[in-house]
Amino acid sequence: MASIQFKHVRKTYPGNVTIVPDLNLEIADKEFVILVGPSGCGKSTTLRMIAGLEDISDGELWIGDRVVNDVAPKDRDIAMVFQNYALYPHMTVYKNIAFGLTLQKVPKEEIDRRVHEAAKALDLEHLLNRKPKQLSGGQRQRVALGRAMVRNPAVFLLDEPLSNLDAKLRTAMRAEISRLHKRLATTFVYVTHDQTEAMTMGDRIVVMKDGIIQQNDTPQNLYDYPCNLFVAGFIGSPQMNFMDAVLTEQGGVYSAEVCGHRIALSDHMDAKKLAPYVGKTVVLGIRPEDIDAVSAGDKHDLDAKIEIAELMGAEINLHLDCQGNKLVVRAAASYAGREGDTAALVFKTEKIHLFDKETELAIAH
């Protein structure tokens, strides 16, 4: 049983600097949970508290059926994979992977079996006699994973393990780690600031800001139903577009007035939630893929000037200006408009999000 539970956990450093004010979080046994957020949001501190590398100032941390506040890291049955691999340069790959087991005085035959089993799973068998300096970044990261694997820990902790790799290798290693989780059926807690990693790997994502959980949900729910402006802007690449809009209502039909144009809202939106905001300025959010760039003569919602057209291969990211509002639209590669042209835009109304301008909380989706 390797569930993890934070009960009103606080982390304060000397000088009364509070990084995590009041953390309440449950991670189920065998779950893959991603902690994500900008630098300084408290995600790595949270991971290090699980590992026992950071003391807890207040509250309780449970791993399984015991409180581990005062349990030494070596007695917590966890394994940690770091951003910088933390390999011993003078040891071979074999000895690096075996190091933890050697310290535990595991019999040599058992060490050999586990090392070769991990090396086979991670395609490292042909590298066991090499030193870390003879390996690529991706190979070093696999060695670090292997060293954690052989200990058969109850909990895997991964602290931005892919941030030193190039884009192609990161993609391959994401798949590698996801496969590893399925094979080991162990609890994984993974820290990253890269929302692409978060969206593609986790069963559940915990979005943090200033040590506070903003939203704790499945990747799809975070993307489709962000609870506030911060989550909406953090999850998604390119990020969600935001524009000030005045909410209007006529004959039971609600609209958002943007840049002098009125965009009818989907009737799926809850009218009870919209009614208090009629006549007020709200923030309209819409993702780049939910705006269509159409021919100038077609019926459309807004006109915007193309400032930059980024060809991405299968698509073009159009960076636009609409009366001072900056927008990004993801268009098909066949789209003919280029820099300096005016783009005609159609909003997919069922994909519009509205947020309270003062509280920044979601009003309706």
Taking all atoms of both residues into account, what is the closest heavy-atom pair of [X] and [Y], and its distance?
X      : Y      : answer
Thr186 : Ala154 : CG2-O, 3.0 Å
Asn69  : Gly59  : ND2-O, 2.8 Å
Ala336 : Asp341 : O-OD2, 4.5 Å
Thr45  : Val20  : CG2-CG2, 4.4 Å
Val143 : Val93  : CG2-CG1, 3.7 Å
Pro153 : Asp77  : CA-OD1, 3.6 Å

For [X], does the [atom1] atom have more than 12 heavy-atom neighbours from other residues, nucleotides or ligands under 6.0 Å away?
X      : atom1 : result
Asp298 : CG    : yes
His126 : NE2   : yes
Tyr223 : OH    : yes
Lys326 : NZ    : yes
Glu358 : CD    : no
Asp224 : CG    : yes

**OP:** Could you give me the CA-CA distance, side-chain angles and deciding distance for Lys7 and Val67, then say whether side-chain contact (heavy atoms from CB on, under 4.5 Å) is met?
**Re:** CA-CA 10 Å; Lys7 295 183 178 180; Val67 178; over 6 Å; no

Consider only side-chain N and O atoms of [X] and [Y], and report whether a donor and an acceptor are under 3.5 Å apart.
X      : Y      : value
Arg174 : Thr200 : yes
Thr342 : Asp303 : no
His319 : Glu310 : yes

**OP:** Measure the CD-CZ distance between Gln104 and Arg151 for me, rounded to the nearest 0.5 Å.
**Re:**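 So the gap between those two atoms works out to 6.0 Å.
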
Subject >> Spatial distance of atom CE (Met208) from atom CG (Leu35) [nearest 0.5 Å] >> reply: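 That separation rounds to 6.5 Å.
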
**OP:** Determine, using the 4.5 Å side-chain heavy-atom cutoff (strictly less than), whether Met269 and Ile363 are members of one ILVMFWY cluster.
**Re:**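 Per the 4.5 Å side-chain linkage, Met269 and Ile363 are co-clustered.
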
Original post:
So if you build clusters from Ile, Leu, Val, Met, Phe, Trp, Tyr with side-chain heavy-atom gaps below 4.5 Å, do Phe242 and Leu318 land together?
Top reply: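 In one cluster: no.
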
**OP:** Give me the ring orientation class for Tyr88 and His90: parallel if the planes are under 30° apart, tilted from 30 to 60°, perpendicular past 60°.
**Re:**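 Judged by the thresholds at 30° and 60°, the geometry between Tyr88 and His90 is perpendicular.
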
**OP:** Anything under 30° is parallel, anything over 60° is perpendicular, the rest tilted; go ahead and classify Phe188 against Phe32.
**Re:**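 Tilted.
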
Donor-acceptor pair, distance only, cut-off 3.5 Å: does the side chain of [X] make one with the backbone of [Y]?
X      : Y      : value
Lys43  : Pro38  : yes
Asp210 : Ile212 : no
Asn24  : His8   : yes
Glu249 : Val278 : no

**OP:** Is it possible for you to check whether Lys11 lies under 6.0 Å from the centre of the six-membered ring of Tyr13, through NZ or CZ, and within 45° of that ring's axis?
**Re:**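 The answer is yes, since Lys11 meets both limits relative to Tyr13.
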
Original post:
In terms of side-chain geometry, is the basic nitrogen of Arg113 or Glu110 positioned less than 4.0 Å from the acidic oxygen of its partner?
Top reply: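 Here Arg113 pairs with Glu110 in a salt bridge, since their nearest N and O are under 4.0 Å apart.
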
Subject >> Intermediate values then yes/no, side-chain contact (heavy atoms from CB on, under 4.5 Å), Met173 and Arg142 >> reply: CA-CA 8 Å; Met173 286 302 297; Arg142 293 208 303 274; 3.8 Å; yes

Subject >> Audit row: Asp217, Tyr225, side-chain contact (heavy atoms from CB on, under 4.5 Å) steps and yes/no >> reply: CA-CA 10 Å; Asp217 217 328; Tyr225 307 108; over 6 Å; no

